[in-house]
Each structure stands twice: as C-alpha cells, then as structure tokens.
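Beneath this line is the structure, given in structure tokens, with notes to follow.
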Number of protein chains: 2
Amino acid sequence: MPGAEIRDPTGGANHVGLRDYNERVVMSVIQRHGAIASVEIARRTRLSAQTVSVILRRLEAEGLITRGTPQRGKFGKPQTPVALAPGGVLSLGFKIGRRTTDLVLVDLAGKMRARLAATYAFPTPDKVMGFLRAGLPRIEATLSAEERARIAGIGVAVPFELWNWLDTVRASPHEMEAWRDFDFAAAIGEISDHKVFLSNDATAACAAEHAFGQGRGLSDYAYVFIGYFCGGGVVLNGAVHAGRTGNAGAFGTLPVGDTARPGHQLLHKASLYLLERRLLEAGEDPMRIWRGTEGWEGLGRPVDDWIEATARHLAVAAVAVCSVIDFEAVVIDGGFPTDVRARLIEAARRHLEGIETQGIARPVLREGAVGAQARSIGGAFLPIASEYLMVGASFGT
Amino acid sequence: MPGAEIRDPTGGANHVGLRDYNERVVMSVIQRHGAIASVEIARRTRLSAQTVSVILRRLEAEGLITRGTPQRGKFGKPQTPVALAPGGVLSLGFKIGRRTTDLVLVDLAGKMRARLAATYAFPTPDKVMGFLRAGLPRIEATLSAEERARIAGIGVAVPFELWNWLDTVRASPHEMEAWRDFDFAAAIGEISDHKVFLSNDATAACAAEHAFGQGRGLSDYAYVFIGYFCGGGVVLNGAVHAGRTGNAGAFGTLPVGDTARPGHQLLHKASLYLLERRLLEAGEDPMRIWRGTEGWEGLGRPVDDWIEATARHLAVAAVAVCSVIDFEAVVIDGGFPTDVRARLIEAARRHLEGIETQGIARPVLREGAVGAQARSIGGAFLPIASEYLMVGASFGT
DNA sequence: TTTAAATCAATAATAATTATTTATTGACAG
DNA sequence: CTGTCAATAAATAATTATTATTGATTTAAA
C-alpha cells in the first residue's frame with residue numbers, strides 16, 4: 001500500500017510554513033477586525049512592523065487586500081488602513097438540504113454575488129448533481145476570465161449520513177441508499193476543475209457565523225443551527241473545529257429528556273420538522289415556514305408551543321455542550337425569521353435558569369446573526385478559510 | 001491601565017518560535033513512540049534529517065535525551081535510537097482531593113520517584129498548604145542540587161470550585177469559603193521558587209493518561225475520571241485541551257437521566273460517593289474503597305449495583321460527549337481496582353448498544369491504564385508538557 | 001561493493017533590529 | 001495670515017541573526 005507511511009498528526013514546520021502561517025494570521029486579523037492599520041496589525045500579532053509591511057506588500061500584489069485613504073487628524077504620518085479586497089477571492093458554495101439545494105457565489109467580504117436554488121421532495125445524487133451541472137456554467141458565465149481564476153474552490157455543505165433519514169423524510173429507500181457510496185469530490189471533479197471541500201452542513205453554517213456574524217467577537221463557542229433537523233458546529237481557539245471526521249458539533253444527537261424512551265435526542269426535540277408537523281395538525285399551511293422570505297405572523301399557537309418546547313431542550317443541550325468544552329457562549333441560529341429567533345433565545349435563557357449547572361459556569365446564550373442562508377454562505381466560505389485564513393493548529397507546509 | 005492592550009488570541013510566529021515548535025514536535029514524537037531512530041523522527045515529522053540531527057544534538061546537550069545502542073543486523077549504518085532521559089526533567093505534582101492530598105515527584109518517564117500523602121475530613125487552605133510547606137523540603141532533601149535545578153515546576157491538580165461542595169462533603173461553610181479567593185500561585189510562591197501550573201484535577205488525570213496510558217495511541221478523545229465525584233478531560237489534535245478557562249471536560253455537569261428532576265447531573269449518577277453511600281446503607285465499611293491498595297472483593301451487591309447504575313449513565317454521557325466533538329474514543333478510569341474498571345467498561349458498552357446514536361458514529365469506550373494515581377501524576381506532568389511538549393495550537397514566542 | 005544512517009557545508013528563506021524616510025500637526029516668528 | 005520648524009508617528013529600507021533545506025560526505029554495517 002504505497003503512501004501509507006506512518007506520520008504523526010502534527011508535523012514539523014519550516015520557513016515556508018512560517019510565512020504561510022504569518023500570512024494567515026495577518027489575513028485573519030484583517031478579516032475579523034475590518035479595515036485596520038498595519039501598526040495595529042503588528043501590535044495585535046506581535047509581529048514586527050517591518051514583517052507586517054513585507055507581508056502586506058505580498059498580499060496586495062496578490063490582490064487580496066486594498067489600502068484605504070490615510071486617516072488624518074493626528075500627529076505623525078497618517079495611518080493607512082488595509083482591508084480585504086472583496087473581489088480578491090471568490091468561492092462557490094453548494095448546499096444540499098432536505099427540501100432545497102442552493103448554489104451560491106460569495107466574495108471575500110461575505111457578499112452573495114449569485115444564487116441558484118432548486119426544490120424537491122427529497123434529494124438524490126442524480127437530481128442534485130444535475131442541478132450543479134446546469135447551474136455552475138450559468139454562474140461562471142457571469143464572470144470574467146480573471147474572476148473565474150480567483151475562485152478558491154467549491155465548498156459542499158451536506159448533512160451527515162443523508163441515507164439515514166428515510167423514516168423522517170419519506171423518501172424512496174433505493175434512491176437514498178445511493179448516497180451511501182456517493183463520492184462528492186469525484187463527481188464534482190468530473191464537471192469542474194475547482195478544488196472540492198466537503199463539510200457537514202451545520203459546520204458550514206458555523207463557519208459563516210464565525211466569519212460574518214456573532215463569531216467575530218468570540219473565539220470559543222458552540223453554534224447550533226436549527227433547520228429541518230438541528231445540528232451545529234464548534235469553534236476553538238478562534239477557528240472552526242470540524243473535528244477528526246468532520247462531524248464535530250453534531251448536537252442533534254445529544255440525549256435530552258428521558259433517555260429511557262426512544263426519540264430522546266435533541267434532533268427530535270428542537271427541529272423545524274416538528275413545527276411542520278404541528279402546523280399540519282393545526283390545519284395551517286406548513287410550507288410557509290420553508291419559503292424563507294416571509295414572517296411567521298399569524299401562525300399562532302403551533303409556533304408559540306414549538307418555541308417553548310424547543311427552548312426548553314436547547315437549554316439542557318447548552319449545559320451538556322458547555323460541560324464538554326468550556327465555551328464562551330452558545331450561539332443559536334436557524335431557518336426562521338429574526339423575531340422568532342429572538343423569542344427562542346429569550347425563552348431558552350429563561351429555561352436555563354432552572355437547570356442545575358454545578359461544576360461549570362452557566363452557559364451564555366447568544367442570537368446568531370447570519371440566518372437561514374448560513375449553510376450555503378458558510379459552504380462557500382470553507383475554501384476561503386482553508387486557503388487563506390487560520391485553520392486551527394495545523395502549521396506544516 | 002497598563003498592559004491592557006488588545007491582542008488577538010493567535011499571534012504571529014518567528015524563528016525562535018519555529019525552533020521551539022520543532023523541538024517540541026521532536027520531543028513529543030519521542031515521548032509518544034518511545035526509543036526511536038532519528039531517521040524515523042524525520043519521516044514522521046516531515047523535517048529534514050539534518051534538522052532533526054541539529055535538534056537532537058541540542059536536546060542531548062540539555063540532558064533531555066539519551067542515545068541507545070546502535071541497532072545492527074541490517075545493511076547500512078546502524079540506526080541509533082534516541083529516548084527521553086528519564087532524569088532529564090523532574091516535576092512536582094500536588095493533588096488536592098476530597099479525602100486526601102498527595103505530593104509527588106515524577107520524572108520524564110512518568111515514574112513516581114517520591115510520594116507524600118495526607119488525609120482529612122475535608123480540605124482547607126491552611127491544612128493543605130501546611131502539608132505542602134512541610135512536604136516540599138522533605139522531597140527536595142532527597143535530591144542533589146543538579147536534580148533540584150531540573151524540576152520543571154509544580155503542577156497543582158485541584159477540583160473546580162472547591163467551595164461549592166458543602167452539602168456533599170459536610171464541611172464547615174466558613175472554612176470552605178476560604179477557597180473562593182485563594183490564590184495558589186501566590187501561596188506556593190511564598191514557600192518555593194518553582195513555576196506553578198494550576199489545573200483541574202480531572203484534566204491533570206487526563207494528561208497522565210495521555211502521556212503514559214491509552215492516550216499514547218490516540219489523538220482525539222474524551223477522558224472520564226471517576227473519583228469522589230466524576231470529572232474528565234479532553235484531548236484534541238494530540239494535545240490535552242484544558243479549555244479557555246481550564247474547565248473543559250467537566251463531564252460531571254452533563255445532564256443525564258430525567259432533566260426535570262434535581263440531581264440529574266452525571267456527578268450524581270456516576271461518582272464514588274454514591275458507592276460510599278450504598279456501602280454505608282448495606283452495613284459495609286465504606287473506607288475500604290478509599291485505601292486504594294486493596295481489591296473490592298466481597299463487597300458484593302452494593303458494588304455490583306453501583307457498577308450497573310454508573311455504567312448506564314456513562315453510556316448516555318458518552319453519546320453526549322461524542323455529539324459535541326467526534327472523538328476517537330471515550331477513555332474511562334477512576335479510583336477503583338482494575339477488575340472493577342474492566343466490569344464497568346464492559347457494562348457501559350452493553351448499555352451503549354441500547355442507546356440511539358443517529359447522527360454520529362457509535363462511541364468507542366476504552367479502559368484507562370493509569371488508575372487512581374492519575375491525578376497526581378498528571379499534575380506533575382503538566383509542567384513537563386507545558387515546557388517541553390506540544391501544547392495545542394499555540395505557536396508564538 | 002552496496003546500502004543506509006548520520007552529519008557537514010553551503011544556501012535560501014524569513015523575521016527582528018536599527019536607521020531612514022515620509023507625512024502630518026501645531027507652535028511661533030515674521 | 002503665512003511660512004518654517006519641532007514633535008510625532010507610520011511606513012519602509014538596509015542589515016543582521018536564526019533556522020530549515022539541499023546536496024555532498026562520512027561512517028558503519030552486511
């Protein structure tokens with residue numbers, strides 16, 4: 001078996017790795033802070049001003065940053081702020097959901113520059129790849145050759161073990177089974193030359209929140225995303241931690257409630273499919289909650305009850321999560337209107353007060369800021385983060 | 001407010017940091033692998049043979065490694081294995097427990113070279129510091145001046161929020177309250193010049209397991225230690241992750257069982273104080289379980305029942321823990337004889353099969369290997385790890 | 001003679017240090 | 001009011017030190 005050498009997880013570092021690391025540190029500081037002067041970068045990174053100067057020059061030559069107008073009004077040579085050049089990197093995000101799939105183009109500033117969507121009763125490899133095969137050229141046609149060359153890759157945000165939802169999604173067993181051995185990298189490799197980055201959908205959403213939302217002010221937190229099912233992601237030391245197998249933050253699996261009975265996982269206590277079911281029982285139109293553009297006013301009791309039940313279990317989950325890692329906060333977001341999100345967090349905070357937390361500091365709950373599009377934006381952000389930003393401990397060449 | 005500058009968590013790196021990092025990588029490879037040839041180190045770390053040669057020469061000059069006898073019998077120049085020099089670093093561990101406190105001296109090979117212990121009904125700062133003040137000179141008196149100079153520091157392994165056990169420990173409220181503002185670093189600084197490293201007791205135990213037990217073959221796992229109360233630690237990317245506040249792996253706080261009722265935390269489901277209570281009720285001598293030297297044969301039903309109950313909740317906890325981070329394994333150890341440990345893990349595996357784990361891979365349970373002394377050995381190991389081994393992402397100067 | 005480990009010497013990459021340049025504010029003399 | 005200069009601070013250039021890699025050499029075995 002060639003290439004099966006034994007190598008320890010953390011390898012040594014060399015000069016190239018050192019420079020690459022420092023460039024990522026500088027890029028990350030600019031990304032998180034926004035426009036910032038080079039002296040300030042030097043202060044924060046503890047790099048010398050000269051080193052920062054050299055690195056910035058290279059980043060500017062690569063088109064990754066732009067210089068702003070000097071800030072006058074103080075003694076001395078005015079500071080020239082540097083900022084990420086929004087068009088410096090473009091990236092594709094491909095989200096596969098239970099009801100919809102999205103293909104988006106995002107820039108370095110997190111702006112969604114294009115979006116294509118499709119809906120289905122349940123996803124199959126054929127349907128999903130057909131959509132991608134048709135959509136990719138349509139999006140790339142809007143770009144210049146130079147812009148196309150700046151695409152960092154395609155980040156696929158896909159739920160864990162798609163083939164295991166049969167019961168809840170009411171899909172054809174045979175067609176769903178096709179997911180089991182499906183190889184995204186190979187399939188996408190056949191229709192495009194972009195680097196493929198595969199990720200759990202909730203981890204992708206977490207990446208979006210980390211880059212553009214609440215995460216900008218936090219360095220260690222758990223992120224819960226409530227979609228058709230609920231899931232999540234984890235941020236450690238200022239970087240998204242996908243985990244050894246890419247399945248860190250699988251909060252849907254958390255046991256909450258009475259573990260002696262079936263259906264005690266958070267998945268079955270705090271997901272939108274439960275609201276869909278409630279609405280159906282109440283004779284309301286459940287599709288309203290999936291359209292995303294409209295508010296949920298007037299849906300009444302089913303929504304109120306769902307918020308209350310979801311919040312109660314979220315509070316328990318927050319305690320469990322913060323028992324494993326002493327997170328700064330638990331950020332909660334999902335595919336619902338912002339007012340529902342606010343009510344959910346408020347209710348969860350209330351429930352949290354009634355739970356014993358001896359042994360840890362009481363978890364802090366925060367509202368997410370990115371919202372329903374987090375998964376596709378985050379999917380697109382993965383290639384950017386992998387190529388240009390801090391990605392945890394790795395430091396080799 | 002001087003020194004209150006804004007600095008980002010992950011700073012830049014320079015040459016000194018690079019060398020330090022590579023030295024730690026090499027030391028860690030030797031520590032984890034045992035005696036190993038320099039070519040093999042180069043292969044595993046992806047460093048050049050020359051770099052490894054230079055680094056080894058420096059480590060040898062510092063007395064941290066020794067060269068073994070060349071391995072003849074193959075073509076070419078024989079490999080000379082290098083190994084950690086056991087006496088190259090010494091370190092002190094100071095464990096504060098509910099019933100006992102330990103002061104130990106450990107070497108780089110993990111061998112306990114000296115141990116002093118004291119028991120009490122409950123710990124107070126005065127009692128504990130009095131023990132340290134008397135014990136430290138006694139241990140150091142057995143060392144040469146050169147050996148004393150090789151002490152890396154003193155690692156204190158102490159439970160989280162000692163002052164919060166009042167109800168369970170039946171201690172004097174006033175005396176326990178003294179812990180709240182107690183400053184270990186300052187207090188120990190008054191009686192010794194050693195660097196002080198403070199740690200959660202279970203995190204320390206985790207460090208011992210990682211260095212000398214099961215952890216040698218794993219890079220991402222959770223560690224549960226069942227003592228008077230249960231707690232734990234977390235290993236990510238091959239290094240113990242103490243957490244932002246040092247309280248990662250506080251598994252005692254995990255909600256298990258019916259969260260609507262009080263006492264639903266793992267702490268109150270899987271701790272030795274519960275066994276103590278059972279023995280008392282059954283008319284057995286509960287002190288037998290604290291002596292540590294003897295087996296628990298003949299304690300009968302209370303032990304059997306405790307194992308069964310503990311295992312049931314441990315299984316639930318394992319699912320919760322692996323939902324947060326996709327650990328390779330959950331390693332379980334504690335203050336009990338090895339046969340009890342084996343039965344406990346076996347029972348927990350059985351219970352685990354009956355729990356729904358949709359959304360994650362089923363957790364793998366493993367027996368710990370270090371045992372009851374893990375906390376004090378791990379406490380002593382903390383200074384060694386901090387000064388000489390990989391400690392996660394940090395890479396600055 | 002072949003093989004492979006270990007080391008030496010030369011080279012290249014990179015960050016820190018020190019010195020210099022640049023660009024501004026504000027005081028003050030004319 | 002205006003021109004000049006000191007003070008201030010950012011940014012960069014030149015120099016220096018450190019360190020990993022590359023390629024040659026030595027060493028020690030079968």
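Just so we're on the same page: letters track the sequence lines, and every chain starts at 1. Quick note: numbers below take in every heavy atom, side chains included, and nothing from hydrogens, waters or symmetry partners.
Each of dT14(C), dC8(C), dA16(C) was ranked by its minimum atom distance to the side chain of N14(B); first place goes to dA16(C). In this structure, of dA16(C), dT12(D), dA9(C), it is dA9(C) that holds the atom nearest to the side chain of Q50(B).
The residue S38(B) sits close only to the backbone: its heavy atoms come under 4.0 Å of sugar-phosphate atoms, none of a base.
No side-chain donor-acceptor contact under 3.5 Å links N200(A) to the backbone of A248(A). Side-chain atoms of E209(A) come within 3.5 Å of backbone atoms of V370(A) as a donor-acceptor pair (strictly under, hydrogens ignored).
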Listed pairs under 3.5 Å, donor-acceptor, residues 75-83 of chain B side chains, sequence neighbours left out:
none

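Taking 4.0 angstrom as the limit, S53(A) places none of its side-chain polar atoms (N or O) nearer than this to OP1 or OP2 of dA11(D). At the phosphate of dA10(D), OP1 or OP2 sits under 4.0 Å from a side-chain N or O atom of Q79(A). At dA15(C), one or more side-chain N or O atoms of R19(A) fall inside 4.0 Å of OP1 or OP2 (strictly under the cut-off). The phosphate of dA16(C) has OP1 or OP2 within less than 4.0 Å of a side-chain N or O from T51(A). For the OP1/OP2 pair of dT14(C) and a distance below 4.0 Å, the side-chain nitrogens and oxygens of N22(A) include no atom meeting the criterion.
Between I55(B) and P70(B), it is I55(B) whose nearest contact on DNA chain D lies nearer the 5' terminus. Mapped onto DNA chain D by nearest heavy atom, A49(B) and P81(A) fall at different nucleotides, with P81(A) at the one closer to the 5' end.
The distance between atom CD of Q71(A) and atom P of dA23(C), rounded to the nearest whole Å, is 16 Å. Here dT14(C) presents its C1' atom at 18 Å from CZ of R24(A), a figure rounded to the nearest Å.
In summary, of the residues considered (R366(A), E328(A), H210(A)), a side chain to side chain donor-acceptor pair (under 3.5 Å) with Y221(A) occurs for H210(A) alone.
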Set out, line by line, the N/O atom pairs under 3.5 Å between protein and nucleotides 1-3 of chain C.
from	atom 1	to	atom 2	distance (Å)
dT3(C)	O2	G76(B)	N	2.8

